[in-house]
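Encoded as C-alpha cells, the structure appears first; notes follow it.
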Amino acid sequence: MTEPRKRRDVGPPDGGSDEKSTLLAFLNYVRDAVAAKARGLDDGKGRTPGVASGTSVLGLVKHLTAAEVYWFSWAYEGADIEHPDLGMALSEEDTADGLLAAYRGAVERSNEIIERCDDLSLPCARAAGRAAVVRSMRWVLVHMIEETARHAGHADILREQADGSTGR
C-alpha cells in the first residue's frame, strides 16, 4: 500500500481592491480546492460513495459543473441551453479526467461572464433557484462561493476516506 498524499494547506487569497475581484478570488480559491480533491484519484475510488446518501468525489465535481452552467450561463446570461441537471449521478462514460475537464471549461465560461459584468447589482436574465426569484450577479457570486465551499469540505472528507490524502 502506498503512503497517502499529504498536500500542504493553501491559505485564502488576498482578494482584490474591489468587490468583484475579491469575490472572484474567493470563488476561484474554493473551485481549486474541489479540483485538487479530485485530481489524482482513480476513477473507481472517485465514483465510490463515502456516505449513505451516495455522494462521491466525482459526483460532486459533476454537480458543481452543472451549478456553474446553471447560475452563470443559464440563469444570469440567459443562454439558450438546456436546463442543467444538478444531480450527482455518474454515468458509465464519466471519468475523472473528463469530469475535471468539463469543470475547468464551465469555470472558464463562468469567469468570462463574470468579467463582462460591470455592475454586480444587475439581475439575472432568468428567475432561478427553488424560489424562482430573479437574483443579481452579486447574489450568484456569493451563493456559488457558499455552494462550492460546502462541497469542497465534503470532497475533503470523501478523498481522505478514499485514499487517505489530506490537505489542499
Side-chain angles (χ1 to χ4, degrees), residues 5-41 46 55 57-88 96-160 165-168:
R5 288 190 300 177
K6 292 185 177 161
R7 295 192 269 299
R8 71 174 187 82
D9 280 332
V10 177
D14 290 334
S17 60
D18 62 84
E19 181 184 19
K20 183 166 82 170
S21 63
T22 300
L23 291 171
L24 186 55
F26 273 86
L27 180 55
N28 283 328
Y29 171 69
V30 294
R31 288 165 166 166
D32 290 345
V34 169
K37 287 301 165 180
R39 268 193 302 274
L41 184 60
T55 304
V57 173
L58 294 179
L60 289 169
V61 173
K62 186 170 188 170
H63 166 72
L64 287 170
T65 301
E68 291 280 341
V69 173
Y70 177 79
W71 283 108
F72 293 107
S73 296
W74 187 85
Y76 183 78
E77 191 175 54
D80 186 20
I81 58 173
E82 187 176 326
H83 187 285
D85 175 5
L86 295 166
M88 294 187 198
D97 289 342
L99 290 167
L100 281 168
Y103 188 51
R104 277 191 304 276
V107 165
E108 287 173 14
R109 285 187 300 278
S110 296
N111 282 350
E112 290 168 4
I113 293 166
I114 295 163
E115 288 301 324
R116 287 193 304 266
C117 178
D118 293 330
D119 179 355
L120 298 183
S121 66
L122 291 174
C124 290
R126 289 190 174 110
R130 288 194 172 123
V133 174
V134 175
R135 306 290 186 174
S136 68
M137 174 59 87
R138 179 179 292 104
W139 187 95
V140 171
L141 282 166
V142 172
H143 171 66
M144 285 302 294
I145 292 166
E146 172 272 326
E147 175 87 357
T148 308
R150 184 166 50 95
H151 290 317
H154 297 146
D156 194 33
I157 292 166
L158 292 170
R159 178 65 189 257
E160 186 172 354
S165 292
T166 60
R168 289 194 186 202

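Smallest separation of non-hydrogen atoms from Trp74 and Ala128: CZ3-CB, 4.2 Å. Residues Val134 and Cys124 approach most closely at CG1-O, 3.5 Å, considering heavy atoms. Scanning both residues, Val61 and Leu99, for their nearest heavy atoms gives CG1-O, 3.7 Å. Of all heavy-atom pairs between Phe72 and Ile113, the closest is O-CD1, 3.5 Å. Between Lys37 and Ala155, the closest heavy-atom pair is CB-CB, 3.8 Å. When every heavy atom of Leu58 is checked against every heavy atom of Ala38, the shortest pair comes out as CD2-CB, 4.3 Å.
For residues 113-124, the pairs satisfying side-chain hydrogen bond (donor to acceptor under 3.5 Å, both in side chains) are Glu77-Arg116, Asp119-Ser121, with sequence neighbours left out. Residue pairs meeting the salt bridge (charged side-chain N to carboxylate O under 4.0 Å, His left out) criterion with at least one member in residues 57-71, sequence neighbours excluded, are Arg31-Glu68, Lys62-Asp94. Pairs of residues two or more places apart, or lying in two chains, that qualify as side-chain hydrogen bond (donor to acceptor under 3.5 Å, both in side chains) and include a residue from residues 128-140 are Glu19-Arg138.
Glu147 is linked by a side chain to side chain donor-acceptor pair (under 3.5 Å) to His63, Arg150, His151, counting only residues two or more places apart in sequence or in another chain. Under the side chain to side chain contact (heavy atoms under 4.5 Å, CB included) criterion, Ile157 pairs with Gln161, sequence neighbours left out. With sequence neighbours left out, the side chain to side chain donor-acceptor pair (under 3.5 Å) criterion links Thr55 to Ser53.
Contact annotation: the side chain of Met137 approaches that of Tyr76 to within less than 4.5 Å [non-hydrogen atoms, C-beta and beyond]. Val107 is listed as a side-chain neighbour of Asn28, based on a closest heavy-atom distance under 4.5 Å. Side-chain contact between Met144 and Val30: absent, with no pair of heavy atoms (C-beta onward) separated by less than 4.5 Å.
Of the possible polar contacts, one joining the Lys20 side chain to the Ile114 backbone as a donor-acceptor pair under 3.5 Å is found.
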